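Below: one structure, written as structure tokens.
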2 protein chains.
Amino acid sequence: MVEEQDEKILAELQKDGRATNQQLADTVGMSTSACWRRVRALEESGIISGYSALVARERAGFATSAILHVSLERHDVKFVDEFVARVMQRREVLECFATTGDADYHLRVVVRDMDAYNKFLDEFMFRIPGIRHVRTNVILKEIKTGVALPF
Amino acid sequence: MVEEQDEKILAELQKDGRATNQQLADTVGMSTSACWRRVRALEESGIISGYSALVARERAGFATSAILHVSLERHDVKFVDEFVARVMQRREVLECFATTGDADYHLRVVVRDMDAYNKFLDEFMFRIPGIRHVRTNVILKEIKTGVALPF
DNA sequence: TCCATTTTGGTAGATTTTACCAAAATTTCC
DNA sequence: GGAAATTTTGGTAAAATCTACCAAAATGGA
């Protein structure tokens, strides 16, 4: 499904999402037209789901971030769906994963400052119905924030 | 430092990292040349740290991922630096954060299958010197994996 | 208000994207 | 094994985009 040449393309486009088709074709070892067609196929099949500029969080004015461990009171679809729906539309929540372990969900939240985080908890998180427990782990340091899959 | 117009540009480039300069200029409401110069400045100042293709994890063959809570035995710079250095060069570790709370670090690890994850633990994680405890939280479902800061 | 600095919009040549073609490679089926 | 059908390839050219320049407009200090 995803062949070796595709993986090379994906690896390169993960490293530089704005690489020109010529650069790509060179590093992958293919003609520009063949390369371009493969990229197009990867986009249309959804294997490449999009492209994004990576913005330096602190420099852009987002000083505070945290990882939240969230547990629900009950796990009826009703509560779960409501939780998921609300989380999806809050842009401060960059990531949300349902996990095994003590907590039901792991969230990563990014905000401008602690005030904004406090507001986020009071006005959003604590008002979601069916929340049993929320534990905040403030991020002291971002060691690594990668998006590239390890082809 | 980062003005309103810059934020519009950043927001748009986060949504579509390959938007053409004309699209950008239109949505931001600016001439193409002014827009292009601002983008260039954002890149050169490091506020835009790069561009990346976003690849659909499962479709690309990475079925397994987990969030790890890692605690160190000792917190001398020696052990900390060693831990950070090793984590930085393992491409399966997409993210690593030093946090408050029970664990010292939160890691997100992505691999092709459980076998690969087991190998990752045995051959890498458990061999890092000074590790006190590693707790694995398998990711059951990715609710959200965003990269866009909430401008 | 005036001058210096910064930012803007317009323009044009260089580069890139994109759609097409026929040739090469691969697969399928007998 | 070999011929036909299918897929993939490389090359080409027109359309679109990028990029560097210019003079004009906007900004802001004295």
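Predicted, not measured: the structure shown is a model, and the values here were computed from it. First the proteins, then the strands, lettered A, B, ... as listed; each starts at 1. Values below: every heavy atom of this structure, side chains too, minus hydrogens, waters and symmetry copies.
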Mapping S31(A) and R18(A) onto DNA chain D by nearest heavy atom, which one lands closer to the 5' end?
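That would be S31(A).
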
Bend angle of the helix from dT1(C)-dA30(D) to dC30(C)-dG1(D), end axes from five pairs each (to 10°):
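End-to-end axis angle: 50°.
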
Regarding R18(A) and the six-membered ring of Y51(A), is the cationic atom NZ or CZ under 6.0 Å from the ring centre and inside 45° of its axis?
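Checked: cation-pi criterion not met.
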
Within 45 degrees of the axis of the six-membered ring of F124(A) and under 6.0 Å from its centre: does R90(A) put its NZ or CZ there?
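Here R90(A) passes the 6.0 Å and 45° test against F124(A).
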
May I have the distance from R37(A) (atom CZ) to dA24(C) (atom C1'), rounded to whole angstrom?
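Nearest whole value for this atom pair: 12 Å.
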
Between dT16(C) atom C1' and N21(A) atom CG, what is the distance in whole Å?
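So the CG-C1' distance, N21(A) to dT16(C), works out to 9 Å.
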
Close aromatic pair by centroid cut-off 6.0 Å: F62(B) and F151(A)
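Close enough - the centres of the two rings lie under 6.0 Å apart.
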
Before you tell me yes or no, could you show the steps for R112(A) and E7(B) under salt bridge (charged side-chain N to carboxylate O under 4.0 Å, His left out), namely the whole-Å CA-CA distance, both residues' side-chain angles and the distance that decides it to 0.1 Å?
CA-CA 14 Å; R112(A) 293 196 179 268; E7(B) 292 201 348; 3.3 Å; yes

Under a criterion of less than 4.0 angstrom to any heavy atom of chain B, what are the 5'-terminal and 3'-terminal contacting nucleotides of DNA chain D?
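Extent of the interface on DNA chain D: dT17(D) to dA20(D).
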
Which part of the nucleic acid, if any, lies within contact of Q23(B), taking any heavy atom under 4.0 Å across all strands shown: a base, the sugar-phosphate backbone alone, or nothing?
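The residue Q23(B) makes no contact with any strand.
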
May I ask you to say what S33(B) touches in the nucleic acid, namely base, sugar-phosphate or nothing, with a heavy-atom cut-off under 4.0 Å?
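Base contact.
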
Which value, rounded to the nearest 0.5 Å, describes the distance between N137(B) atom CG and Y105(A) atom OH?
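So the CG of N137(B) and the OH of Y105(A) are separated by 14.0 Å.
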
